[in-house]
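Step one of this worksheet: look at the structure below.
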Amino acid sequence: MEKVAIIGVGVEGFRSAIRELSYKEMVYQAAVKAYDDAQINPREEVDTFISCEEDFNMGTSITDEYAPDQLGAAQRTVHTITGDGIQGMAAAYMQIKTGMFDVAVVEAQSRVSDILTHNQITNFAFDPLYNRQFDAVYHSTAALEKRAYLEYSGTSEEAIAEVAAKNYNNALKNPIAAYGVRAKASDIMNTDMIASPLRDGEISKPVDGAVVIVMASEKVVKEKNGNPIYINGISYATNSPNFDTRDWQYAKYAKLTADRVYKMAGINDPKEEIDVFEIDDTYAFKELQHLESLGVYDKGEAGKAMLNGDLGSKGSTPVNVSGGVLGVGNAHDVNGLQRIAELVDQLRGHAGRRQISDANTGMAFSWRGVPTTAGALAILSKE
Amino acid sequence: MKVRGTKLTSDEFHNKVIAVKHAPEIEYDWATGVAISKFLKGLKDGKIIGVYCDSCDRTVTPPRMFCEECFSPMSKYVDLPDTGIINTFSIAYIKTDASRVEKPQLPAVIDIDGTSISPSGFLHLLDEINPDDIKIGMKVKAVWKDAIDRTGAITDIKYFKKMEDA
Ligand SMILES: [Zn+2]
């Protein structure tokens, strides 16, 4: 079956606030880099453009109307996915697979600094009839989940603090990361309690940034003779939006997604067959919960692996060498593409001081954040 | 004819039927960026700024940092005259809340002189003119707020009016 590859990546950011550029200018900067990497002219060689953005985050209704110009997509085929960038890539993947499109561009952007009341927008995502009225700070929803996960898996608070410290330290080696810092687990444990059992040091902080990805059919890959990274599996899933019927202990959306993607990519044992892991860590415990729900580790084993050093950049299962969402910053719907950008760097051998040796296969998993149970997964490979 | 169903007053509908109300307090503060910052600063100074694309040989306003036609960066900013022609217009008798107004609002898209493609300009308002006399292609000129009242906003131009010598 014909393969689909990533042939270009461009990143602008990430910083806590990009105030000197408008959102269009920020996306333009990322797009120019992606097209240079792919060696394509967007005005002539791209067949379909997909922008991942949400009206409430952009502050404009029908915000997709404003997506084309900065992508080189004026008066071309463009549509928007109101979701994570990996969901956008899945749409692009399917379009290329139809045989009607050879080159697809996927873009995601975060402009949290343009929003003065981001908590209100997150609160707006809660069910309006019987959940939103409590006006709860949304981190407390993550705290409900963390407590259920700790109880269910027997994971220690120390292991979770080690995850946060690891990702902040990893970010120091990543030039696009906003929140790199030398940190020890004890530093994390000493941060303020935000909503028990969740501490401030375990919670990712917002950033502005944009990522543009160019994807292509095998036919174009052969013509371009560039540096392609193949997409061997990609999918997404949602559990339940209802607090009363969702699984709090483990991330069912991750399991549902992984079952499909492993089948598609022919993966039997992800821990053995995958070399680099970029796994959502919007809250530190989510990295461990996601690793277990994705079947990389058994229930309760991811925390132990963290304490053994297995999840470090020199460990057997390196997770979030980019710094993850904690270290790079929480770019919301860009988080998935930030992970894809890291995997492309790693698999091309371009990751500099973060390079994992003999990296042939990687997986990127994103979660859409509180209060969702939506995740998206992609497995990339050099072949 | 007898209308079927149960009549409800507005008070009954909004206050007696069980429903859930929520009014979000959502605020934004958009960074204007390189090109629109120059445009807004120009308005504060009483000028309309455009930008020129070398590869397409065209001038557009409001300016942008890149050309959406050829995707090249654009950085040749130019001062344009504060005159133009009416591309299209309307005579609007209602406001956004659907209430009727005594004096109609006169929205128009103005193609600014010195731009090299049509349309290139912006939405603004007309005034000092009898609505019956407005025509597409009519030459108009900006009427500015006093310098001290200008803030760097499109409303620093109060409206466009018919050019006397046209
Ligand atoms: Zn041009």
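Below, chain A is the first sequence line, B the second, and so on; all start at residue 1. In this text the structure is predicted, and so the values were computed from the model without any measurement.
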>> Any non-hydrogen side-chain atom of B:Tyr28 less than 4.5 Å from a side-chain atom of A:Ile121?
In response: yes
> Taking the side chain from A:Arg43 and the backbone from B:Glu69, do they hold a donor-acceptor pair closer than 3.5 Å?
Replying inline: yes
>> Which atoms of B:Ala19 are under 4.5 Å from chain A, going by heavy atoms: the side chain, the backbone, both sets, or neither?
In response: neither
> Does any N or O in the side chain of B:Trp30 come within less than 3.5 Å of the main-chain N or O of A:Ile115, such that one atom is a donor and the other an acceptor?
Replying inline: no
> A:Gln133 versus B:Val20: any side-chain heavy-atom pair under 4.5 Å?
Replying inline: yes
> For the residue pair A:Pro42 and B:Phe71, what are the closest heavy atoms and their distance?
Replying inline: CG-CD2, 3.7 Å
> Under 6.0 Å from the CG atom of A:Leu129, do we count more than 12 heavy atoms belonging to anything else shown?
Replying inline: yes
> Considering only heavy atoms, which portion of A:Asn57 lies under 4.5 Å from any heavy atom of chain B: side chain, backbone, both, or neither?
Replying inline: backbone
>> Just to be sure I understand the criterion: a residue of residues 90-102 of chain B counts if one of its heavy atoms is under 4.5 Å from a heavy atom of chain A. Which ones qualify?
In response: none
> Using non-hydrogen atoms only, which part of A:Glu20 is less than 4.5 Å away from chain B: side chain, backbone, both, or neither?
Replying inline: backbone
>> I need the contact set between residues 141-150 of chain B and chain A: heavy-atom distance under 4.5 Å, sorted by residue number.
In response: none
> Taking atom CD1 of B:Ile36 and atom CG of A:Leu21, what is their separation to the nearest 0.5 Å?
Replying inline: 13.0 Å
>> I'd like to check B:Met65 versus A:Gln29 (side-chain heavy atoms, cut-off strictly below 4.5 Å). Are they in contact?
In response: yes
> Is there a donor-acceptor pair closer than 3.5 Å between any side-chain N or O of A:Ser22 and the backbone N or O of B:Ala31?
Replying inline: no
> Is any side-chain heavy atom of B:His22 closer than 4.5 Å to a side-chain heavy atom of A:Asn123?
Replying inline: yes
> With distance as the sole test, does B:Glu68 use its side chain to make a donor-acceptor pair with the main-chain N or O of A:Gln75 at under 3.5 Å?
Replying inline: no
>> Tell me which of these, A:Arg111, A:Gln70, A:His118, has more heavy-atom pairs under 4.5 Å with chain B than the rest.
In response: A:Gln70
> Heavy-atom distance under 4.5 Å to chain A: side chain of B:Cys70, backbone, both or neither?
Replying inline: backbone
> Just wondering, are more than 12 heavy atoms of other shown residues or ligands nearer than 6.0 Å to CZ in A:Phe243?
Replying inline: yes
>> More than 12 heavy atoms of other residues, nucleotides or ligands under 6.0 Å from NZ of B:Lys21: yes or no?
In response: yes
> Side chain, backbone, both or neither: which part of A:Phe56 has a heavy atom under 4.5 Å from chain B?
Replying inline: both
>> If you count heavy atoms of other groups shown closer than 6.0 angstrom to NZ of A:Lys205, is the number above 12?
In response: yes
>> Closer than 4.0 angstrom, basic N to acidic O: yes or no for B:Asp29 and A:Arg19?
In response: yes
> Would A:Asp69 and B:Phe66 count as a side chain to side chain contact (heavy atoms under 4.5 Å, CB included) if you check the C-alpha gap in whole Å, the side-chain angles of each, and the deciding distance to 0.1 Å?
Replying inline: CA-CA 9 Å; A:Asp69 289 7; B:Phe66 51 87; 4.0 Å; yes
